[in-house]
Amino acid sequence: MHDLIVAALRENRAVIKAHVERMLEILEAIIREGTEAGELKVEDPAEAARAVNAAFTPFFHPILIEHCVQHGEDTEAGLRTQIRFVLKALVKSN
């Protein structure tokens with residue numbers, strides 16, 4: 001599976017671009033819903049979606065994951081830290 005995704009990244013940019021655009025749409029919808037429900041404090045859901053996507057890229061980009069694994073990095077701990085950071089940035093403070 002990893003090799004297929006890496007090949008797609010290198011050879012089929014249209015598919016990857018469509019995937020990234022769809023992921024951004026989903027993230028934006030989630031952020032917009034959270035904002036409308038009063039759970040998140042976000043001025044621009046599309047901008048926030050791009051920032052969240054960038055923040056999590058190291059955790060779902062196959063080449064970056066492979067690099068982390070090869071260098072013995074604790075990707076699960078890193079992901080948990082990043083999730084806490086992003087939630088603190090988005091969640092409406094009382």
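Counting from 1, the numbers follow the sequence of the chain as shown. In what follows, every heavy atom counts, from backbone to side chain, and hydrogens, waters and symmetry copies are set aside.
- Following chains of ILVMFWY side-chain contacts shorter than 4.5 Å, one can reach Phe85 starting from Val91, so the two form part of one hydrophobic cluster.
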Taking distance alone, no hydrogens or angles, what donor-acceptor pairs closer than 3.5 Å link side-chain atoms of residues 32-41 to residues at least two apart or in another chain?
from  : atom 1 : to    : atom 2 : distance (Å)
Arg32 : NH2    : Glu28 : OE2    : 2.5
Thr35 : OG1    : Ile31 : O      : 2.9

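- Distance check, rounded to the nearest 0.5 Å: CZ of Phe60 to NE2 of His19 gives 6.5 Å.
- Heavy-atom contacts from other residues, nucleotides or ligands closer than 6.0 Å to CD of Gln70 number more than 12.
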Inset, instruction - Report the C-alpha separation of Val52 and Ile30 in whole Å, then their side-chain angles, then the decisive distance to 0.1 Å, and conclude whether the side-chain contact (heavy atoms from CB on, under 4.5 Å) test is met. - result: CA-CA 11 Å; Val52 169; Ile30 292 168; over 6 Å; no

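- Both Leu27 and Val86 sit in one connected hydrophobic cluster of ILVMFWY residues. Membership requires side-chain heavy atoms under 4.5 Å apart, directly or through other members.
- Closest approach of Ala48 to Leu90, counting heavy atoms only: CB-CD2, 4.2 Å.
- Taking a cutoff of 4.0 Å between a charged side-chain nitrogen and a carboxylate oxygen, Arg22 and Glu25 qualify as a salt bridge.
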Please list every donor-acceptor pair under 3.5 Å in which a side-chain atom of residues 77-84 meets a protein atom from a residue at least two apart or in another chain.
from  : atom 1 : to    : atom 2 : distance (Å)
Arg80 : NE     : Glu76 : OE2    : 3.3
Arg80 : NH2    : Glu76 : OE2    : 2.9
Thr81 : OG1    : Ala77 : O      : 3.0
Thr81 : OG1    : Arg84 : NH2    : 3.4
Gln82 : NE2    : Ala55 : O      : 2.8

